Number of protein chains: 2
Amino acid sequence: MNLHTTQLVRTDCDSCPIRHRAVCSRCEPDELDVLETMKTYKTYDAGQTLVWAGDSVQFLGSVVSGVAALSQTMEDGRRQMVGLLLPSDFVGRPGREIAPFDVVAATEVTVCRFQKAPFEKLLVSTPSIATRLLEMTLDELDSAREWMLLLGRKTAREKIASLLAIIARRDASLRLRKAAGRVQFDLPLSREAMADYLGLTLETVSRQISALKREGIIELQGKRRINIPDYANLLNETGDDTDGGMIV
Amino acid sequence: MNLHTTQLVRTDCDSCPIRHRAVCSRCEPDELDVLETMKTYKTYDAGQTLVWAGDSVQFLGSVVSGVAALSQTMEDGRRQMVGLLLPSDFVGRPGREIAPFDVVAATEVTVCRFQKAPFEKLLVSTPSIATRLLEMTLDELDSAREWMLLLGRKTAREKIASLLAIIARRDASLRLRKAAGRVQFDLPLSREAMADYLGLTLETVSRQISALKREGIIELQGKRRINIPDYANLLNETGDDTDGGMIV
DNA sequence: ATCATTCCTTGATCAAGATCAAATTCGGGG
DNA sequence: CCCCGAATTTGATCTTGATCAAGGAATGAT
């Protein structure tokens, strides 16, 4: 669902928070105008399910604000989050009728939506959009596979550090301050949601966050606001060989 | 890399083990002929690395025979396999210069290869191929996310059962016998490779296989040949709510 | 055949994280 | 301002799977 991490959209429209930019330089402006006319917005409360796995899906779109999560649940209630949808991420998949996973709002979420059928028509008439979507999907696949390394081989501590690094990297505040070692942001996820994402229990998440705090690697203001005095220092805890790689 | 699980190719060619079929009904025969002329074959020994992560990749293609694995390695040697490439699976990604993961032969592997540049040209001139590739990539993404559930939330026993079910499902012998409850196949992976795929140690893999054998859920002939007297019974051990879902 | 090598199994012990069970904190609503 | 309930933290204990350490079995070379 989260077709990508790179932006299909930008935030320079007047009438709405986002606007579809040229997916590729070969796009005709007309085609983008079509997108403009097709869109509608919808806002969901935190905890609300946007899409149930198995549902027939009629819309595609992008997250405008807030955070949503893709997740799977086993019969006995074990849950695993398989993707985070942050603002500008694409939701939905052209050519697919049935949603493979639940999409749940982690915070209040606003989505800009297009009806699937017309969007798919546009996809056929504008091959460059298909190319762009392919590229976006390949990026998602890479991200999913990076996450497999985290789930399969990282320690609880490394998992937490990696998640914090990912959120920090995606957070607007980081873009503004990335030169500085100091980074601050709000966690958009509850401890339980973090646990579901990391393949841990919420108690373990809490303990590891406490440990990082105790050691001065992070600071907490309240329960959700994270302050990282030395971002490079946090990265040493992730177990990643490189910084750039893991983007969700 | 493993762009898909559904087949881009079929095995009815005379001159070579595989031949590209109509990727979509709208493909012109000429374009497929172009594919025919572009292809070359290469065989790798078990254990050999076809592609190193970070390498510039010049070829795309399909696995003809054998099994290869996509994997990631951390600095300290922890390894996680992130995809299996079985015969007919696609290797490589159009539009990408750099390989994101290692590709390693698990058994002797033969690959049918196309030079990237001409293949990409074909992709542009034949939009239906791009559509098909997008679809294949979305399937891969779903598979990766199913695997995330396994890595994050399943027990060692469930992991083993899931892997056996996946291999059984992909194995030709299953197609011939799937009506029967009895299924047999050869494990194309060493215990260590299974461990790397499942996020376990090889000892745990061995113990769990022994346990399944002790309980009569599977039978072993030698170390690699698996015999499943009652396939439905195995599926009860996977923790999956459905059978169909998990395909790698 | 014998040896060496690699792969696999099994055993003993350990530790990371899960589970069970209270506290404690915090953010509202009254 | 105080209370309520949800979210979080912390503690005690337990379990699963990891780690350390030998043994076998299959395979191939000498």
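Residue numbers start from 1 in every chain, and the chains themselves are labelled A, B, ... in the order their sequence lines are given, proteins ahead of strands. The analysis underlying the following values was restricted to heavy atoms, covering all of them including side chains, and did not include hydrogens, waters or symmetry mates. Note that this is a predicted model, so its numbers are computed, not measured.
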Asks: So which of B:Arg182, B:Lys213, B:Arg225 actually passes salt bridge (Lys or Arg N to Asp or Glu O under 4.0 Å) with B:Glu219?
Replies: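 The option that passes is B:Arg182.
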Asks: Would one find a side-chain N or O of B:Thr201 under 4.0 angstrom from OP1 or OP2 of D:dA18?
Replies: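 B:Thr201 to D:dA18 OP1/OP2: side-chain N or O found under 4.0 Å.
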Asks: From the set C:dG17, D:dT8, C:dC20, return the single nucleotide nearest to any side-chain atom of A:Arg191.
Replies: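 Selected nucleotide: D:dT8.
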Asks: How close or far is atom C1' of C:dA16 from atom CZ of A:Arg207, stated in whole angstroms?
Replies: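 Nearest whole value for this atom pair: 11 Å.
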Asks: Contact class for A:Gly47 (heavy atom, under 4.0 Å): base, sugar-phosphate, or nothing?
Replies: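 Nothing, no heavy atom under 4.0 Å.
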Asks: Counting distance alone, no hydrogens or angles: does the base of D:dT9 have a donor or acceptor under 3.5 Å from a partner atom on the side chain of A:Arg214?
Replies: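 No, no donor-acceptor pair under 3.5 Å.
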Asks: For A:Leu189 and for A:Arg153, find the nucleotide of DNA chain D with the closest heavy atom, then tell me which residue's nucleotide is more 5'.
Replies: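 First, find each residue's nearest nucleotide; the 5'-ward one identifies A:Leu189.
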Asks: Roughly, in whole Å, what's the span from NZ in A:Lys223 to P in C:dT24?
Replies: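 Answer to the nearest Å: 12 Å.
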Asks: Which residue, B:Arg157 or A:Leu202, contacts DNA chain D at a nucleotide closer to its 5' end, judged by nearest heavy atom?
Replies: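 Here A:Leu202 is the residue nearer the 5' end.
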Asks: Near A:Arg79 CZ, under 6.0 Å, is it more than 12 heavy atoms from other residues, nucleotides or ligands?
Replies: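 Open.
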Asks: Report yes if some heavy atom in the side chain of B:Leu163 is under 4.5 Å from a heavy atom in the side chain of B:Met194; otherwise report no.
Replies: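 Yes; the side chains approach each other to less than 4.5 Å.
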Asks: What is the distance, to the nearest angstrom, from the CZ atom on B:Arg225 to the P atom on C:dC8?
Replies: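 In whole Å, C:dC8 P lies 16 Å from B:Arg225 CZ.
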Asks: Can you tell if the side chain of B:Glu158 reaches within under 4.5 Å of the side chain of A:Arg78, non-hydrogen atoms only?
Replies: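 Side-chain contact under 4.5 Å: yes.
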Asks: Any side-chain N or O of A:Ser210 under 4.0 Å from OP1/OP2 of D:dT10?
Replies: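 Yes, within the criterion.
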Asks: CD of A:Gln208 versus C1' of D:dT10: gap in Å, rounded?
Replies: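 One finds 14 Å between C1' of D:dT10 and CD of A:Gln208, rounded.
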Asks: A:Thr204 side chain N/O closer than 4.0 Å to the phosphate oxygens (OP1, OP2) of C:dG17?
Replies: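 Answer is no, no contact under 4.0 Å.
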Asks: Any carboxylate oxygen within less than 4.0 angstrom of a Lys/Arg side-chain nitrogen, looking at B:Asp142 and A:Arg93?
Replies: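 A:Arg93 and B:Asp142: salt-bridged.
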Asks: Can you tell me the distance, in whole Å, between the NZ atom of B:Lys159 and the C1' atom of D:dT16?
Replies: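 Value for this atom pair: 11 Å.
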Asks: 5'-most contact on DNA chain C: A:Ala156 or B:Glu203, nearest heavy atom basis?
Replies: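 Result: B:Glu203.
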Asks: Whole Å only: how far is the CG atom of B:Leu187 from the C1' atom of D:dA26?
Replies: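 Whole-Å distance recorded here is 16 Å.
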Asks: Measure from CD on B:Gln221 to C1' on D:dA26 and round the result to the nearest Å.
Replies: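 Atom CD in B:Gln221 sits about 16 Å away from atom C1' in D:dA26.
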Asks: With a 4.0 Å cut-off on heavy atoms, is B:Arg224 in touch with a base, just the backbone sugar-phosphate, or nothing at all?
Replies: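 Sugar-phosphate: the residue B:Arg224, judged by heavy atoms under 4.0 Å, touches backbone atoms but no base.
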Asks: Within this structure, what is the CG-to-C1' distance between B:Asp196 and D:dA18, rounded to whole angstrom?
Replies: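 Whole-Å distance recorded here is 14 Å.
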